[in-house]
Amino acid sequence: MKKLDKMDRNIQLRSEEIGYKVTLLILSVWTFYDCWQVLANGAKYSPFPGLIVCLAVCIQGFSQMAMKRKMIVDDEEYHEPNKIVWTIVGVIAIVAILLSIGTYFLMKA
């Protein structure tokens, strides 16, 4: 793999950004279409595209937090708590609460 100069890196980053946004847009449209089919026609719900959208956004967010943390790790001027750990703990707590509520309503019905 050849070493990229600044212009080539900017072009590659911009093209990856556009590809990421188009992919998320297509997956979001697919998710809304599936939801519409469930509501309008009573079709079976497929959580697959929605899960991919959530996974992609979470990975992008976590990687951005990790890169920011890595950039300021040795800097004495900036000290902030480890947001990655707290975000993961928060996401796990929210998922556990939603699963508990969903299970409660499924068992009650």
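We count residues from 1, following the sequence as given.
- Here the side chains of F32 and V29 are not in contact, with every heavy-atom distance at 4.5 Å or above.
- With values rounded to the nearest 0.5 angstrom, I94 atom CD1 is found 7.5 Å from L98 atom CG.
- Atom-to-atom distance recorded for Q12:CD and E16:CD is 4.5 Å, nearest 0.5 angstrom.
- Of the inter-residue distances, the one linking I59 atom CD1 with C54 atom SG reads 11.5 Å to the nearest 0.5 angstrom.
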Going through the distances and angles, do M65 and T87 end up as a side chain to side chain contact (heavy atoms under 4.5 Å, CB included)?
-> CA-CA 10 Å; M65 281 190 284; T87 304; 3.7 Å; yes

Stepwise side chain to side chain contact (heavy atoms under 4.5 Å, CB included) check, T31 with F48 | CA-CA 8 Å; T31 301; F48 187 66; over 6 Å; no

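- Put simply, OG on S28 and CD1 on I52 are 11.0 Å apart, with the number rounded to the nearest 0.5 Å.
- Contact check for R14 versus N10: no side-chain heavy atoms found under the 4.5 Å cut-off.
- Side-chain N/O atoms of Y33 and Q37 include a donor and acceptor closer than 3.5 Å.
- Smallest separation of non-hydrogen atoms from T103 and L99: OG1-O, 2.7 Å.
- Note: D8 CG to L13 CG = 11.0 Å, rounded to the nearest 0.5 Å.
- Taking CG from L39 and OH from Y45, the interatomic distance works out to 10.5 Å, rounded to the nearest 0.5 Å.
- Within 6.0 Å of OH in Y20 there are more than 12 heavy atoms belonging to other residues, nucleotides or ligands.
- Taking the side chain as every heavy atom from C-beta outward, N41 and W36 never approach each other to under 4.5 Å.
- In the hydrophobic cluster analysis, where Ile, Leu, Val, Met, Phe, Trp and Tyr join through side-chain heavy atoms closer than 4.5 angstrom, V57 is grouped apart from V95.
- Across all their heavy atoms, L24 and A56 have their closest contact at CD2-CB, 3.9 Å.
- Side-chain atoms of D34 and P49, non-hydrogen and from C-beta on, do get closer than 4.5 Å to each other.
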